[in-house]
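Some notes on the structure that comes next.
Atom set for the values below is all heavy atoms of this structure, side chains included, hydrogens, waters and symmetry mates excluded. One-based numbering, in listed order, for ligands and for the atoms of each.
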Amino acid sequence: MEISKVIVPAAGLGTRFLPATKVIPKEMLPLLHKPIIQYTLEEAVRSGIEDIFWVVNSKKKSIEEHFDYISEEFLETFRSDKKEHLTYLNKIVEKVKFAYVRQHEARGLGHAIWSARHVIGNKHFGIMLPDDVFIGQNPALAQLIKIASQERASVIAIQEVPLSHTPRYGIINIKKQLSPNLFQIRDVIEKPSQTEAPSNLAIMGRYILSPRIFDALEESTVGVLGEVQLTDAIQKLLLSGEKIFGYKIQGTHRYDVGTPLEWMKSNIMLSLRHPAYNQEILQFLNEIDREFTVIESKAIQFSKQRNT
Ligand code: UTP
């Protein structure tokens with residue numbers, strides 16, 4: 001099965017990051033020294049993708065500009081140690097074809113995917129959500145492509161989450177476990193409460209889907225929160241008898257950058273794993289840890305004094 005196209009939805013409003021996202025797209029916020037969306041591009045290219053369709057709107061021009069090819073002449077204006085980041089970006093951009101698709105209204109993830117229906121054709125294709133960043137030797141999307149080709153079916157990335165987190169995710173109900181990491185899915189449920197969740201296996205932002213998803217999205221009525229949900233369309237495919245698998249991505253770290261708190265944690269975690277930053281960040285964390293321990297113990301002493 002040949003999978004060469006991906007849709008990257010990047011037309012959301014990013015309201016959880018306001019006011020930072022009033023002018024700057026969420027996808028352009030930095031994760032260490034790169035904008036979030038560049039990690040998506042790198043993973044797609046390393047997974048052998050040939051065509052990337054970015055779903056954008058009129059406020060996302062900086063995404064297009066970030067991926068513009070930089071001319072030799074302009075490169076000359078940078079010092080050589082700075083230049084290498086840009087020549088690297090040029091090299092990846094060269095490896096893949098881009099097209100930008102407009103989502104006219106931010107009506108949810110399902111609607112964003114549906115907006116790109118004209119460019120996909122009749123083959124299975126990938127979806128990558130930029131605010132789920134996967135970093136590791138074996139790219140997450142490539143792992144899904146392998147399973148999709150093996151099973152000749154749709155595959156969704158899944159990951160175990162604490163039961164208390166199920167209201168944040170789409171959760172799968174398992175039909176059959178085929179191997180320690182591969183599951184056939186019976187149902188998908190969008191943001192179930194802890195008690196309603198049929199498992200703790202949550203859908204992450206990577207999918208390989210059959211083009212039949214567009215028919216399911218077409219007839220999609222308004223789902224949770226009044227938006228068109230991708231999960232509802234996947235559930236329709238399952239009900240129509242289509243086989244869909246869930247695969248636990250192996251050997252990569254996942255960074256959630258969808259909310260300010262998770263984005264901050266991701267920056268810290270990634271810097272601790274990055275050779276250019278880890279020593280100094282570790283030292284800094286140790287320093288502030290000591291400082292906070294002192295402040296905390298002072299606060300305890302103070303409250304004890306007040307109570308006596
Ligand atoms: P999110 O669910 O994180 O939504 O979208 P959001 O709108 O960006 O952020 P909040 O909830 O307002 O804070 C996941 C991905 O889907 C895209 C987003 O750009 C993001 O990359 N998306 C979401 C669209 O392309 N269109 C939409 O209507 C909604």
Side-chain angles (χ1 to χ4, degrees), residues 6-31 34-44 52-64 66-67 98-120 125-134 140-141 156-157 159 161 165-171 188 190-191 202-207 209 213-214 217-218 220-234 254-266:
V6 288
I7 300 176
V8 182
L13 301 176
T15 50
R16 286 170 291 180
F17 274 95
L18 281 171
T21 46
K22 179 170 179 273
V23 179
I24 302 165
K26 177 173 82 176
E27 299 78 10
M28 285 300 292
L29 296 176
L31 178 58
K34 291 184 208 170
I36 289 167
I37 197 100
Q38 189 172 327
Y39 293 89
T40 320
L41 170 67
E42 290 177 15
E43 185 190 326
I52 306 186
F53 300 100
W54 309 92
V55 182
V56 291
N57 60 36
S58 58
K59 298 240 157 108
K60 307 278 179 158
K61 293 214 174 67
S62 55
I63 296 180
E64 298 181 36
H66 184 70
F67 293 139
F98 285 7
Y100 296 91
V101 174
R102 285 284 170 113
Q103 184 187 18
H104 298 296
E105 243 182 300
R107 287 197 50 212
L109 175 59
H111 185 260
I113 302 303
W114 178 81
S115 303
R117 65 199 177 285
H118 305 300
V119 294
I120 291 300
F125 66 99
I127 298 175
M128 303 172 80
L129 305 198
D131 47 11
D132 255 350
V133 177
F134 286 88
L141 191 73
I156 301 173
Q159 185 174 295
V161 295
H165 290 185
T166 59
R168 300 184 197 172
Y169 296 96
I171 300 291
V188 286
E190 182 64 9
K191 301 187 171 71
I203 299 175
M204 300 291 138
R206 298 289 179 276
Y207 310 73
L209 292 179
I213 195 75
F214 295 115
L217 284 168
E218 185 96 35
S220 224
T221 46
V222 176
V224 183
L225 299 172
E227 296 183 329
V228 180
Q229 300 291 343
L230 182 60
T231 314
D232 293 346
I234 293 172
R254 171 184 173 250
Y255 302 91
D256 174 0
V257 289
T259 65
L261 181 63
E262 296 304 323
W263 173 78
M264 283 186 270
K265 288 187 199 167
S266 294

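- By the 4.0 Å N-to-carboxylate-O rule, Glu262 lies close enough to Lys265 to be salt-bridged with it.
- Put simply, no part of His111 is less than 4.0 Å from ligand 1, judged by heavy atoms.
- Geometrically, ligand 1 and Glu105 share no nitrogen or oxygen pair separated by less than 3.5 Å.
- With atom 14 (C) of ligand 1 as the reference point, the heavy atom nearest to it among Val257, Asp256, Asp131, Thr15 is part of Asp131.
- Close contacts of ligand 1 with Lys26, meaning ligand atoms under 4.0 Å from a residue heavy atom, involve 1 (P), 3 (O), 6 (P), 8 (O), 9 (O).
- Residue-ligand proximity, Gln103 to ligand 1, at heavy-atom distances under 4.0 Å covers atoms 24 (C), 25 (O), 26 (N), 27 (C), 28 (O).
- The aromatic rings of Phe98 and Phe67 sit perpendicular to each other, their planes meeting at more than 60°, with 30° as the lower class boundary.
- A heavy-atom separation below 4.0 Å is not found between Val55 and ligand 1.
- The atoms of ligand 1 that sit less than 4.0 Å from any heavy atom of Ala11 are 19 (O), 24 (C), 25 (O), 26 (N).
- For the pair Lys26 and Asp131, the salt-bridge criterion is met [side-chain N within less than 4.0 Å of a carboxylate O].
- Taking every heavy atom of Ala112 and a limit of under 4.0 angstrom, the matching atoms of ligand 1 come to 24 (C), 25 (O), 26 (N).
- Considering backbone and side-chain atoms together, Leu109 places no N or O closer than 3.5 Å to any N or O of ligand 1.
- Applying the 6.0 Å contact sphere to NZ of Lys59 captures no more than 12 heavy atoms from other residues, nucleotides or ligands.
- Each of Ile127, Leu230, Val101 was compared with Pro9 under the side chain to side chain contact (heavy atoms under 4.5 Å, CB included) criterion, and only Ile127 meets it.
- Among the atoms of Pro9, some N or O lies under 3.5 angstrom from an N or O of ligand 1.
- Backbone and side-chain nitrogen or oxygen atoms of Lys60 are examined, and none is located within less than 3.5 angstrom of a nitrogen or oxygen of ligand 1.
- The Pro130 neighbourhood of ligand 1 comprises atoms 21 (O), with distances under 4.0 Å to a heavy atom of that residue.
- Residue Arg107 has at least one heavy-atom neighbour below 4.0 Å for each of these atoms of ligand 1: 28 (O).
- The ligand atoms of ligand 1 that sit less than 4.0 angstrom from a heavy atom of Glu27 are 18 (C), 19 (O), 20 (C), 21 (O).
- Because its NZ or CZ atom is both nearer than 6.0 Å to the ring centre of Tyr39 and within 45° of the ring axis, Lys34 counts as a cation-pi partner of that residue.
- Residue Gly108 has at least one N or O atom closer than 3.5 Å to an N or O atom of ligand 1.
- Of all atoms in ligand 1, listed by their number and element, those nearer than 4.0 Å to a heavy atom of Ala106 are 28 (O).
- There is a side-chain donor-acceptor pair under 3.5 Å between Thr231 and Glu190.
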